[in-house]
Amino acid sequence: MDYNFTEIEPKWQQYWRDQKTYHVENNSQKPHYYVLDMFPYPSGAGLHVGHPLGYIASDIYARYKRLRGFNVLHPMGYDAYGLPAEQYAIQTGQHPAKTTEQNINRYREQLDKIGFSFDWNREVRTCDPQYYKWTQWTFLQLFNHYYDEEQQKARPISELVAKLEKSGEAIVDGKKWVELNEKEQQDHLMNFRLAYLADIPVNWCAELGTVLANDEVVNGLSVRGGYPVERKLMRQWSLRITAYAQRLVDGLEQVDWTDSLKEIQRNWIGRSEGAAVWFPIDAPTSSVDAPTALFMGQVDPTPVPSFEIFTTRPDTIFGVTFMVLCPEHELIEKITTPEQHDEVMAYVTWAKNRSERERQAEVKKVSGVFTGAYAINPLTEERIPIWVSDYVLAGYGTGAIMAVPAHDSRDFAFARHFDLPIRQVVATEKDAISDPNTWEESLDAKTGYSVNSGFVTGMKVRDAIKAVIDKIEEMGIGHRTVNYRLRDAAFSRQRYWGEPFPIYYKNGIPCPIPEECLPLLLPDISEYKPTATGEPPLGHADVWAWDVANRKVVSKSMIDNETVFPLELSTMPGFAGSSGYYLRYMDPHNDKAYFSPEAVNYWQKVDLYVGGAEHASGHLIYARFWNKFLHDIGLSVVEEPFQKLVNQGMIQGRSNFVYRSKTDNKLFISKGLVKDKDSVTPIHVDINIVDNDILDIERFKEWRPEFADARFELEEGKYVCGWEIEKMSKSMFNVQNPDDLVARYGADTLRMYEMFLGPVEQAKPWDTKGIEGVFRFFKKFWRLYHNESNTFSICDAEPTKAELKVLHQTIKKVTDDIERFSFNTSVSTFMICANDLAGLKCNKRAVLEPLAVLIAPFAPHIAEELWHLMHNDNGSVCDAEWPAYDEKYLVEDSFKYPVSFNGKMRFTIDLPADVQQDDAVAAVRATDDFQKWTAGKEPKKIIFVPKRIINIVC
RNA sequence: GCGGAUAUGGCGUAAUUGGUAGCCGCGCUAGACUUAGGAUCUAGUUCCUCACGGAGUGGGGGUUCGAGUCCCCCUAUCCGCACCA
C-alpha cells in the first residue's frame, strides 16, 4: 500500500479521541510537566499557517515529554472576549456569543486536522460564565486587598482599616479616620485598593468608543483598527500593578526567557533610581496657601509651600537654572502671577487640546511659558524661575522637574529656545570647564566629575549623586527613591463583549457583589453601540440593577437607591480573562474554587510557554502580576508562572504579483520580460493559483471576470510571477490556509514542514516551495517499512553495525535537538536517516521500531500507523518508551587516523573523542605521512586539541 | 535618540559551540525508467577559472597554531521603547 495519509490521519485522530489518549489526570507517579500555548482569539478569518507554528512546536515537545515518561498537561482554549466580535455585532446585529461560537468551532475543526495532543477535556473559554466567574472573583479579591509596603505583599483591606482605626493620624482635611463619613472613608481606601476607581488620564479612542491600555496603543493609534487616541481624564477602574513593579523586575531573574524579552519587560517597567526633592516656592506676588500634599501621597515636609520633583541626577542640583511643571500640574493655578496668567492659561489649554499623535509627532518642537513665579534651590538658595512646558509629562514622577540645561538634552534645547542660563556642573575631566553657552549639545553622560558644585566639587559623578542625596535627606527636604515608567493598568472598557464588573453603586460608592452571587452574567442587549447619552453599551440593558436584599439582578426600573442600585456599565478588558487561564486549566471544572490547592500543588506552574513576542509588554506582564497577587493571597504556589518561554517567530506572507501592461490592460507580462517597471502595474494574485511562482493561466482567467480574456507574454511557455514578503492578510491574497495543505500533503507533512522552515523563534516568510521535499521524505520513510510490492514487511534479523550506527546517531541527534528546541535540524536528521537506511536497504525491526517512536512527536499519524502494523494493532505509539542511544555505536571501531595536510605549515588529524594526548601524538609520529611532511625535522609545535584534531606546526 | 537581535550559495538553512564552511531541503543541470509526468531513481550544483589554481561566512581591524563562531570599529536589516527627568 502506498503512503495514504488521507486514510491514516483521520483514522488515528478518531482513535485518540475514542481511547482518550491525551486525557491527563492531576495525579500520577510520573513526574509532571506543563506545556502551554498562548490560547488564540478566535477570529472570523480562521487559522492561517502562522498560527499552528507554535502549537506544532509545543506539541512536539509535549509528546516527547510524554514518551520520556512525564505526565504532561497540554491544554488549549480560547481567548473569546474581544473587539472584533463586537464590531461585527454592531454591523450585523448578530450576538457576539454566536459569532464567537461559530469561530471557535471553525478553529477546533482546523486544529483537529493537524493532530495535536491537547487534552480537550480541559478546554476553557474566557466568555464562559463558569470561567469568567473566576475572573470576576479575582477582581473582587483585588478590590478587597491593598499592597502592604512593609510586608511587600497584598493584604486584606480590612487590615488597613483596622490600622487606620487605631492610628490617630489626620487623613483628610485634618480629620482622623473615625471622624470621616462613609463616603470619605471609602474614597480614602480607593487610594490603596489593588483594583480601584479613580479619575485618571486614559487613552480614549472615540472611534471604538472605549478606553485602551497603554499596550493597546501604538504611536497614538489603536492597535485594533488604527484609530486616533486622545488623552482624557475619566473615572475608570484601574489595577495597581505599579505596586508590584519591583517584584516584576526581580522575578525576571528567576525565569528562563530570552534576554531580549526580559529586556523588553525591564524597559516597559522602566525602573530608575534617583531622588525626590522638595523645592520651596518663592512667590511673594502669588497666593499660595498652606503646605499641601500634592503628589505621590507625600505630605510636604517643609515649613513653607513647596513642590516635589524627581531626578535621577541629584548631583546636578547646583546646575539648576529653571524649573518646569507639566501643563496638568495643579500648582500652576496657584503660583502663576497675574501678569502671566493669560499667557499661561492659553498655553495650558493649547497643550491639553493637543492629541497624543500631534504631541508625539512634534516632540522636537520646543514650547512653554513662564509662570512668573520662582522657586528656591534648597542647596544654593538661588531664586529660579518656574516654567510650564509639555515636555514634562504628567504621568511620570511628580510632573515637575528641576532643569539642568547643561546636562540634559531636553533642558538644553529648552534653555536655548527661551534663552535661559546654562551652567556647567559636570566635566569629563576635573579641569575641563568651558562656557556651556558655546556647546553644541548637553553633556548627559553619567560619568566624569562634578564642578562648580559646592561641597561635591571634584567628586566623581557617582559619588556626588550619593553625597547630594545624603545631604538632602539630612536636611529633611527629600529622599532617595525609585521611579517606574510602568503605569497602573486601565481596567475599564466601554464596551459590551467582556466580563461585567461585579460592582454596584450605592450613592456613588462602588460596592462589591457578594462572592457567592458570582458569576454576574453578561446581560443580552438590543444594541451594541454606546447609548444616546454616551453610556457604554450595557446602558441598553434593562435588567441591570442590583437588588441587595434579594441578592439578584433586577430591572433598572426598580432602582430606588435604598435596596436596589445601579450596576457598573463598563466591562473588563481582554487581558482580564487571559491573565489566569493557565491556572484554570489545572482544574477547569471546579465550581467551588478558581482551582483546587491539590491541583496547583501538583502542577505548580507552566514549565514551557510558547507564544508570540507581541505579548511581551501586555499579557505577559499582566499575567505575572495576576499570579503574584494570587500568590500573595495564598492561591498560586509559585511566584513566576512561566518558567521557560519560547517566542515563535511570526510567519509572514509571500505575495505573488502579475504585471499588467499600462498601455494594454488585457496584457500580462511575465516577470523576466518586464523591461521598464513603470510600464506595468503589479497586481496581487491569489497564491493558490500560483505554483513555484508559475501562474496557472486557466485558473487565473477564472479567478476574476475581468481577467477572462487576458493575454500573456510568456517566458518559455510559462508565466512567471513576481513576489514580495508582506504581512499575511486576506487583502494581499497571500494567506495560506493549513486545511488546503493538510488535504494535499497530510498533517504529518505540514507539521514537519513548518518545523523545517527554520528555527521556531525566527520570523520567516511562508513559502510552500519545499513542502514537496518533506512529502517525498514521508513516502521514502513509508517505503522503509514496505517491500517492492508495497506490502508491509519488516524482518527480525540482527542489524549490522552500520545500521545501528545510523539508528543511534539519529536517536542522539533528535533527542539533543528536541531538548534545545531545534526542530528544524531534527527534520534534517530524519531525512538523512531515511536516506542512509534506504541505501542500506535496512528493513529490520530492531532499527525501524525505535525509529517510529522517534518520529512520533513530529509525525504522530504515520508513527501510529506503522506502530500498529508492527504490533498487530496492539497499543499505541503514544505509550511507547523513548529510545536510548548507546555511545559505542557512534565511535569508529578501528583507530585509524585519517591524515590530511593543509598545504601550509600544519597537519590536521582526526581523532576519536576519548583519545589521550600522548597516545595521539605518538600515533601521529608513527605515521609515514608524518615523516614525509616534516622531512625528518622535529616540528616547532605540536598542539593537541581535545576531541579530534592535532595541529603540527613545522 | 536609547535598548535588543540578526547578517553564511540562486533560496530556506546547517556547522559537534574555537577545529575540513556550506549538512538537509528547495531550485537548477544532466541522465535512467516511462505514451506522458508536477511520479520515481542516479549524478552534479559556493564563486572565479578550459584547466592548474585561487577566493570565500555584510565591510575593516584584532586575539589565536586555527575564527562563521571570541574582542573592537563601521554598514545594513528587523524588533522593542521613545520628551520617562
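A note on names: the letters A, B, ... follow the listed sequences, proteins ahead of strands, and every chain is numbered from 1.
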Pair up each side-chain donor or acceptor in residues 834-842 of chain A with any protein partner under 3.5 Å, not counting sequence neighbours, and list the distances.
residue  : atom : partner  : partner atom : Å
A/Asn835 : OD1  : A/Lys780 : NZ           : 2.6
A/Asn835 : ND2  : A/Met831 : O            : 3.4

Taking [atom1] from [X] and [atom2] from [N], how many angstroms apart are they, rounded to a whole number?
| X | N | atom1 | atom2 | value |
| --- | --- | --- | --- | --- |
| A/Asp259 | B/U6 | CG | C1' | 15 Å |
| A/Met752 | B/C24 | CE | P | 16 Å |
| A/Phe756 | B/C11 | CZ | P | 16 Å |
| A/Glu761 | B/G12 | CD | P | 18 Å |
| A/Asp816 | B/A15 | CG | P | 12 Å |
| A/Met755 | B/C26 | CE | P | 19 Å |
| A/Phe775 | B/C24 | CZ | P | 22 Å |
| A/Met831 | B/A14 | CE | C1' | 13 Å |

[atom1]-based separation of [M] from [N] [nearest Å]:
| N | M | atom1 | answer |
| --- | --- | --- | --- |
| B/A76 | B/G59 | P | 15 Å |
| B/G22 | B/G9 | P | 14 Å |
| B/C24 | B/A30 | C1' | 22 Å |
| B/G61 | B/G12 | C1' | 32 Å |
| B/U8 | B/G3 | C1' | 27 Å |
| B/C48 | B/A39 | C1' | 38 Å |
| B/C73 | B/C83 | C1' | 31 Å |
| B/G53 | B/G58 | P | 28 Å |

Across the strands shown, which category fits [X] at heavy-atom distances under 4.0 angstrom: base, sugar-phosphate, nothing?
| X | answer |
| --- | --- |
| A/Pro759 | sugar-phosphate |
| A/Leu757 | sugar-phosphate |
| A/Thr829 | nothing |

Who pairs with [N] - Watson-Crick or G-U, where each distance is under 3.5 Å:
| N | result |
| --- | --- |
| B/A55 | B/U46 |
| B/C70 | B/G62 |
| B/G31 | B/C41 |
| B/C24 | B/G12 |
| B/C2 | B/G80 |

Query raised in the report: Mind telling me whether B/U17 is syn or anti, cutoff 90° either side of 0?
Result: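 Base orientation: syn.
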
Query raised in the report: Glycosidic conformation of B/G9, syn or anti, with 90° from 0 as the boundary?
Result: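 Judged by the O4'-C1' to base torsion, B/G9 sits in syn, the angle falling within 90° of 0.
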
Query raised in the report: With a 3.5 Å cut-off and no angle check, do the side chains of A/Tyr745 and A/Glu772 form a donor-acceptor pair?
Result: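 Checked: A/Tyr745/A/Glu772 side chains pair up, N/O donor to acceptor below 3.5 Å.
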
**Report entry** Side-chain H-bond candidate by donor/acceptor type, A/Thr829 with A/Ser826, under 3.5 Å
**Finding:**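 Note: A/Thr829 and A/Ser826 side chains miss the donor-acceptor criterion.
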
Would you indicate which nucleotide in [options] comes nearest to any side-chain atom of [X]?
| X | options | result |
| --- | --- | --- |
| A/Asn824 | B/G27, B/A14, B/A85 | B/A14 |
| A/Thr312 | B/C26, B/G3, B/A85 | B/A85 |
| A/Arg820 | B/U17, B/G4, B/C24 | B/U17 |

**Report entry** A/Asp816/A/Lys812 ion pair, N-O < 4.0 Å
**Finding:**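 Salt bridge present between A/Asp816 and A/Lys812.
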
Report task. Salt-bridge test for A/Arg744 and A/Asp740: reply yes if a basic N is under 4.0 Å from a carboxylate O, no otherwise. Result ->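 Salt bridge: no.
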
Query raised in the report: Would you say the ring centroid of A/Phe414 lies under 6.0 angstrom from that of A/Phe322?
Result: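 Distance test on ring centres: under 6.0 Å, yes.
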
**Report entry** Contacts of A/Ser442 that satisfy side-chain contact (heavy atoms from CB on, under 4.5 Å) - sequence neighbours left out
**Finding:**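 Applying side-chain contact (heavy atoms from CB on, under 4.5 Å) to A/Ser442 gives A/Ser409, A/Phe412, A/Asp444.
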
Query raised in the report: Residues two or more places apart in sequence or in another chain: which of them pass side-chain contact (heavy atoms from CB on, under 4.5 Å) with A/Gln652?
Result: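 For A/Gln652, the residues satisfying side-chain contact (heavy atoms from CB on, under 4.5 Å) (neighbours in sequence not counted) are A/Ile725, A/Ala763, A/Pro765.
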
Query raised in the report: Hey, which of these two, A/Gln762 or A/Tyr396, hits RNA chain B nearer its 5' end, going by closest nucleotide?
Result: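 Per heavy-atom nearest nucleotide, the more 5' residue is A/Gln762.
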
Query raised in the report: Which residue lies toward the 5' end of RNA chain B, A/Ile832 or A/Lys813, if each is placed at its nearest nucleotide?
Result: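 Nearest-nucleotide comparison on RNA chain B picks A/Lys813.
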
Report summary line: With sugar-phosphate taken as primed atoms, P, OP1 and OP2 and all else as base, the protein-contact string of nucleotides 70-83 of chain B at under 4.0 Å (heavy atoms; B, S, -) is ----------SSSB

Query raised in the report: Who passes side chain to side chain donor-acceptor pair (under 3.5 Å) against A/Arg423, sequence neighbours left out?
Result: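 Per chain and number, A/Arg423 pairs via side chain to side chain donor-acceptor pair (under 3.5 Å) with A/Glu382.
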
Query raised in the report: If every non-hydrogen atom of A/Met323 is compared with every non-hydrogen atom of A/Ile384, which pair is closest and at what distance?
Result: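 Closest approach of A/Met323 to A/Ile384: SD-CD1, 3.7 Å.
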
**Report entry** Over all atoms of both residues, closest heavy-atom pair of A/Val229 and A/Ser222
**Finding:**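 Of all heavy-atom pairs spanning A/Val229 and A/Ser222, the closest is CG2-N, 3.7 Å.
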
Report task. For the pair A/Trp439 and A/His407, name the ring-plane relationship: parallel under 30°, tilted 30 to 60°, perpendicular over 60°. Result ->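 Rings of A/Trp439 and A/His407: perpendicular, as their planes differ by over 60°.
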
Requested in this report: May I ask you to evaluate whether A/Asn835 reaches the phosphate of B/G25, defined as a side-chain N or O under 4.0 Å from OP1 or OP2?
Outcome: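 Yes, A/Asn835 has a side-chain N/O under 4.0 Å of OP1/OP2 on B/G25.
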
Enumerate the protein-to-nucleotides 37-45 of chain B contacts in which both atoms are nitrogen or oxygen and the separation is below 3.5 Å.
residue : atom : partner  : partner atom : Å
B/G38   : N2   : A/Arg744 : NH2          : 2.6
B/U40   : OP1  : A/Lys779 : NZ           : 3.3
B/C41   : OP1  : A/Arg783 : NH2          : 3.1

